Amino acid sequence: MKARLILGWLLVFSLVAAIGYAQAPAARRLSLAEALTLARANNPAYRSTLNNRWAARSEATSSSLRLITPSAALTGSHSREQGSEQYYTFLQRNVTTPGNSALGWGIDFNYSLSGRTIADRGLARAELLATDADISGSLTMLETLVRQQYLNVLQAQAQVALAQHVLGRANETLNLARARNSVGQGTLIDVRRAEVEKGQAEVGLLRANQMVENQVLVLFQRLGVPAPSPASVVLTDSFPVQAPAFAAESLVELALRENPGLVALRARENSAAWGVRSAYSQYAPSLNASLGYGRYRYNTANFGGVDSASGSVIWRDTTLTSIRPWSLNIGVQLPIFDQFQRRVTTARARAAQ
């Protein structure tokens, strides 16, 4: 009877363990290439930097078009005036006049060419190059952080394996100390010392497991995607340890040439130089040209006499059509005094440079 009871409990425990194992989610497998792809597509800081290129590209296109194309505007208007009451002397009474209306449309083209327009094109292109440098630097920094964190997770997992090995050695030492104490070859102090070492090994294993979870959370924070629950991941890439084959001089030369932060600063320096040119271009004259055409129609009522039978006033509707023919105006403007605004703008540009 007792054997059947023990067998039944063993069967229950086996079923519970099997169900728990079946319901436990499998750890996510992640390679370094997949991690880099996820980071490029989801990291919020990098996506925010990448979003700046659209505005810089649009400004570069707009500055180029301003050199060769005019601006165009199509206008339309409609107005209606309510009738009013007026006193006519020859009628010796007040008369209510009908309302008037007007309808018109026009099209205008304006073109302006100045030193500021020319310099702004170079400034916009320099800003686009600086934005590209910022994006490249942000991508390099992101990939570096992801690779470093990938290695940190691998290191933390290796520390767990080491802690498990230390715990196994502590268990063996404790069993050996108890065996030696039971046969009189050891003392109780040796057993207690082995128990303390085992407890320390268990604490070390707990800390190592907690470190793995922390490093996994940081990794998925770098990727910009939600971390799995529980925070566990299987990293499929490994990296052999090998001695570096770099020289200090070559590393310094490589950093001065390709460091993303330094490259971005050089691009910003070029952009600031174009900003100074753009500020000084405000002292140059500008060419302005405009071309326009329009049509307007006015509907009004004119006095047409008095009906002899009824004595009411007769109004005649009159429609007047006015055409504004094509007109072309060309002029040159030379700025002389603007309350020192250009001086302030050039001083700020030089300070930024």
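As the structure is a prediction and not an experimental result, all values here were calculated from the model. Residue indices begin at 1 and follow the sequence shown.
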### Message
Less than 4.5 Å apart, side chain to side chain, heavy atoms only: is that true for Ser278 and Arg116?
### Response
yes

#### Entry: Trp54 six-ring face occupied by Arg57 cation (under 6.0 Å, within 45°)
no

### Task
Check whether more than 12 heavy atoms from other residues, nucleotides or ligands sit under 6.0 Å from atom CZ of Arg29, and answer yes or no.
no

### Message
Quick check for you: to the nearest 0.5 Å, what is the distance between Gln149 atom CD and Phe220 atom CZ?
### Response
11.0 Å

### Query
Could you give the distance from CG (Leu103) to OG1 (Thr321), rounded to the nearest 0.5 Å?
10.0 Å

### Query
Between the side chains of Thr117 and Ser114, does any donor sit under 3.5 Å from an acceptor?
yes

### Message
Taking salt bridge (Lys or Arg N to Asp or Glu O under 4.0 Å) as the criterion, tell me which of Arg192, Arg193, Lys198 meets it with Glu195.
### Response
Arg192

### Task
Just do the side-chain contact (heavy atoms from CB on, under 4.5 Å) check on Arg178 and Leu174 with the steps written out, would you?
CA-CA 6 Å; Arg178 288 173 177 173; Leu174 178 59; 3.6 Å; yes

### Gap separating the CG atom of Asn181 from the CG atom of Leu176, nearest 0.5 angstrom
11.0 Å

#### Entry: Connected via hydrophobic side-chain network under 4.5 Å: Met211 and Leu235
no

### Query
More than 12 foreign heavy atoms under 6.0 Å from CZ of Arg324: is that the case here?
yes

### Query
Where do Val276 and Ala349 come nearest, in terms of heavy atoms and distance?
CG2-O, 3.4 Å

### Whether Ser281 side chain and Ala119 backbone form a donor-acceptor pair below 3.5 Å
no

### Message
Just so I know, are the side chains of Tyr293 and Trp105 near enough to count as touching, which here means a heavy-atom distance under 4.5 Å?
### Response
yes

### Message
Tell me whether Leu139 shares a hydrophobic cluster with Leu219, the cluster being built from Ile, Leu, Val, Met, Phe, Trp, Tyr side chains joined at under 4.5 Å.
### Response
yes

### Query
Is the backbone of Ala33 close enough, under 3.5 Å, to the side chain of Thr37 for a donor and an acceptor to pair up by distance?
yes

### Query
Between Leu50 and Asn52, is a side-chain contact (heavy atoms from CB on, under 4.5 Å) present by the stated rule, with each step listed?
CA-CA 5 Å; Leu50 188 64; Asn52 296 334; over 6 Å; no

### Message
Within a 6.0 Å radius of atom CZ on Phe340, are there more than 12 heavy atoms belonging to other residues, nucleotides or ligands?
### Response
no

### Message
Within a 6.0 Å radius of atom CZ on Arg180, are there more than 12 heavy atoms belonging to other residues, nucleotides or ligands?
### Response
no

### Message
Applying a strict under-4.5 Å side-chain criterion to I, L, V, M, F, W and Y, I'd like to know whether Leu328 and Ile107 cluster together.
### Response
yes

### Query
Should Leu287 and Tyr283 be regarded as members of a common hydrophobic cluster, given that ILVMFWY residues are connected when their side-chain heavy atoms come within less than 4.5 Å of each other, either directly or indirectly?
no

### Message
Within the 3.5 Å criterion, strictly below it, is a donor on Ser62 or Arg66 matched to an acceptor on the partner's side chain?
### Response
yes

List, one per line, each side-chain donor-acceptor pair under 3.5 Å for residues 263-273, sequence neighbours excluded.
unit_1: Arg266; atom_1: NH1; unit_2: Leu256; atom_2: O; d: 2.9
unit_1: Arg266; atom_1: NH2; unit_2: Leu256; atom_2: O; d: 2.9
unit_1: Arg268; atom_1: NE; unit_2: Asp134; atom_2: OD2; d: 3.3
unit_1: Arg268; atom_1: NH1; unit_2: Glu127; atom_2: OE1; d: 3.0
unit_1: Arg268; atom_1: NH2; unit_2: Asp134; atom_2: OD2; d: 2.5
unit_1: Ser271; atom_1: OG; unit_2: Glu127; atom_2: OE2; d: 2.5

### Query
Does a sphere of radius 6.0 Å around CD1 in Ile189 hold more than 12 heavy atoms from other residues, nucleotides or ligands, not counting ones at 6.0 Å or beyond?
no

### Donor on one side chain, acceptor on other, Glu213 and Asn209, under 3.5 Å
no

### Task
May I ask you to test the Arg40-Glu143 pair for a side-chain heavy-atom distance under 4.5 Å?
yes

### Task
Hey, could you give me the CG/CD distance between Leu162 and Gln155, rounded to the nearest 0.5 Å?
11.0 Å

### Query
Does the His78 side chain pair with the main chain of Gly104, one donor and one acceptor, at a distance under 3.5 Å?
no

#### Entry: Approximate separation, where rounding is to 0.5 Å, of Gln200 CD and Leu205 CG
14.0 Å

### Query
Can any side-chain N or O of Glu258 pair as donor or acceptor with the backbone N or O of Glu253 at less than 3.5 Å?
no

### Message
When you measure from the side chain of Tyr150 to the backbone of Asp237, do you find a donor-acceptor pair of N or O atoms at a distance under 3.5 Å?
### Response
yes

### Query
Counting N and O atoms only, with roles assigned by atom type, does the side chain of Ser63 sit under 3.5 Å from a partner on the main chain of Glu59, one being a donor and the other an acceptor?
yes

## Note on the structure
Output for pair (Arg47 CZ, Ile135 CD1), nearest 0.5 Å, gives 10.0 Å

### Message
Do Thr236 and Ser31 have side chains that approach each other closer than 4.5 Å (heavy atoms only, starting at C-beta)?
### Response
yes

### Query
More than 12 heavy atoms of other residues, nucleotides or ligands under 6.0 Å from CZ of Arg342: is that the case?
yes

### Shortest non-hydrogen separation from Thr140 to Thr144 and the atoms involved
O-OG1, 2.8 Å

### Atom CZ of Phe239: over 12 foreign heavy atoms under 6.0 Å
yes

### Task
Indicate the atoms forming the closest heavy-atom contact of Tyr46 with Leu142, along with that distance.
CB-CD2, 3.8 Å

### Task
Assess whether side chain to side chain donor-acceptor pair (under 3.5 Å) is satisfied between Gln148 and Asn152, documenting all intermediate values.
CA-CA 6 Å; Gln148 180 179 357; Asn152 290 341; 5.2 Å; no

### Minimum side-chain heavy-atom gap Leu123-Arg277 below 4.5 Å
no

### Task
Begin with the C-alpha distance, continue with both residues' side-chain angles, and end with the deciding distance and a verdict on side chain to side chain donor-acceptor pair (under 3.5 Å) for Tyr280 and Arg350.
CA-CA 10 Å; Tyr280 275 105; Arg350 289 196 305 268; 2.6 Å; yes

### Query
Do Val153 and Val233 have side-chain heavy atoms sitting under 4.5 Å apart?
yes

### Query
Can you get from Leu223 to Leu217 by hopping between Ile, Leu, Val, Met, Phe, Trp and Tyr side chains that sit under 4.5 Å apart?
no

### Query
Within the distance-only criterion (no hydrogens, no angle test), does the side chain of Thr346 pair as donor or acceptor with the backbone N or O of Arg343 below 3.5 angstrom?
yes

